[in-house]
There are 2 protein chains.
Amino acid sequence: MRRDVFQAIADPTRRAIIALIAFQALTPNAIAENFNTSRQAVSKHLRILTECELVKQEYQGREIYYSLELNKMKEIDKWLEQYRRIWENKFNQLDNVLSKMKKQPKK
Amino acid sequence: MRRDVFQAIADPTRRAIIALIAFQALTPNAIAENFNTSRQAVSKHLRILTECELVKQEYQGREIYYSLELNKMKEIDKWLEQYRRIWENKFNQLDNVLSKMKKQPKK
DNA sequence: TATATGCGCAACCTTTCGGTTTCGCAAGTT
DNA sequence: AACTTGCGAAACCGAAAGGTTGCGCATATA
């Protein structure tokens, strides 16, 4: 099950989880208390976030603290960079961008 | 059917389409030629991209040219901004970020 | 040792996604 | 007028998403 950062942040609940644990590591139960969702649902989201390495776990007794993996967030920033270059009108390597995306394999 | 920018960029084919039309407006057929996908499939993606205003149409005879709506791309950048502030260690309004996300309504 | 708690995991269900096929229509072409 | 072409829309389908419920297990607590 190949996970993708973009797919991970597509879900609004997952973005909310990301925001929650951005500054402090939290357990699944603590996270779930912040939404109208069950602990299991949060757990599933955390699994997806962990799989694509947007989130890291830290075991502490029987509790697991989840926190944000900022480096992975930079990956999104890196993708945006090419377009930021356009709207800031400094597109030096534009053909690079284009050729990289052409003839993309299906899916 | 409320569309979301984050959901729109979740699909790899849609990201490829975005990259394709970033510098030049293209018709659905022209876009489809760049992938192993049918024109109809591309058309569906364009519909989603148009719905969330990531893409704009320009009618020209019986052809429709699609091009990127850069302003909407900035919306993603804006979301990332809060986290960029963290990894650049200049989080001035961090509690602002946190409180905004708490008690989020379900979904 | 018995009980409560925190957790992941699997099974299940409904909804959505992404694709194909088929259609209808408007705009060009002959 | 007849044909071709570019397109969106609808119907259909298998796969995946996101939720719930129930389970098993390890860790704490009585």
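Straight-line distance from the CD1 atom of A:I9 to the P atom of D:dG18: 13 Å, rounded to whole Å. Between the NE2 atom of A:H45 and the C1' atom of C:dG8 there is a distance of 15 Å, rounded to whole Å. Atom pair B:Q60:CD and D:dC7:P shows a separation of 11 Å (rounding to whole Å applied). Between B:R15 atom CZ and C:dG18 atom P the separation is 11 Å, expressed in whole Å. In this entry the distance linking CD1 of A:I48 with P of D:dA16 reads 13 Å, nearest Å. If you measure from atom CD1 of B:I17 to atom P of C:dG18, you get 11 Å, rounded to the nearest angstrom. One can place CG of B:L46 at 13 Å from P of C:dG18, the figure rounded to the nearest angstrom. Here C:dG8 presents its P atom at 9 Å from CG of A:N29, a figure rounded to the nearest Å.
Distances were taken from every side-chain heavy atom of B:R3 (C-beta onward) to each of C:dC17, C:dC7, C:dT21; the shortest belongs to C:dC17.
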query: Stepwise, does the side-chain contact (heavy atoms from CB on, under 4.5 Å) test hold for A:K74 with A:K78?
result: CA-CA 6 Å; A:K74 290 185 191 172; A:K78 206 173 145 198; over 6 Å; no
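Of the charged side-chain nitrogens involved, at least one lies within less than 4.0 Å of a carboxylate oxygen, so that A:E81 and A:R84 count as a salt-bridged pair. Using a 4.0 Å cut-off between a side-chain N of Lys or Arg and a carboxylate O of Asp or Glu, A:R15 and B:D4 qualify as a salt bridge.
For the OP1/OP2 pair of D:dA17 and a distance below 4.0 Å, the side-chain nitrogens and oxygens of A:R14 include no atom meeting the criterion. Dashed line: the shortest gap from a side-chain N or O of B:S43 to OP1 or OP2 of D:dC7 is not under 4.0 Å. A close approach under 4.0 Å does not occur between any side-chain nitrogen or oxygen of B:T27 and OP1 or OP2 of D:dG6. Phosphate proximity of C:dG18 to B:Q40: absent, as no side-chain N or O sits under 4.0 Å from OP1 or OP2.
Contact between A:V55 and A:E69 at its shortest, heavy atoms only, is N-CB, 3.9 Å.
No donor-acceptor distance shorter than 3.5 angstrom exists from the side chain of B:R3 to the backbone of B:I48, with no hydrogens or angles considered.
When the C1' atoms of four end pairs are superposed on the next four at each end of the helix from C:dT1-D:dA30 to C:dT30-D:dA1, using five pairs per end, the two resulting axes differ in direction by 10°, to 10°.
Closest-nucleotide positions on DNA chain D for B:R62 and A:V42 were compared, and the one nearer the 5' end corresponds to B:R62. Projected onto DNA chain C by closest heavy-atom contact, A:Y59 and B:K44 fall at different nucleotides, the more 5' of which corresponds to A:Y59.
A search for side chain to side chain contact (heavy atoms under 4.5 Å, CB included) contacts involving A:A10 returns B:A10, not counting sequence neighbours.
Between the side chains of A:Y66 and A:Q57, at least one donor N or O sits under 3.5 Å from an acceptor N or O.
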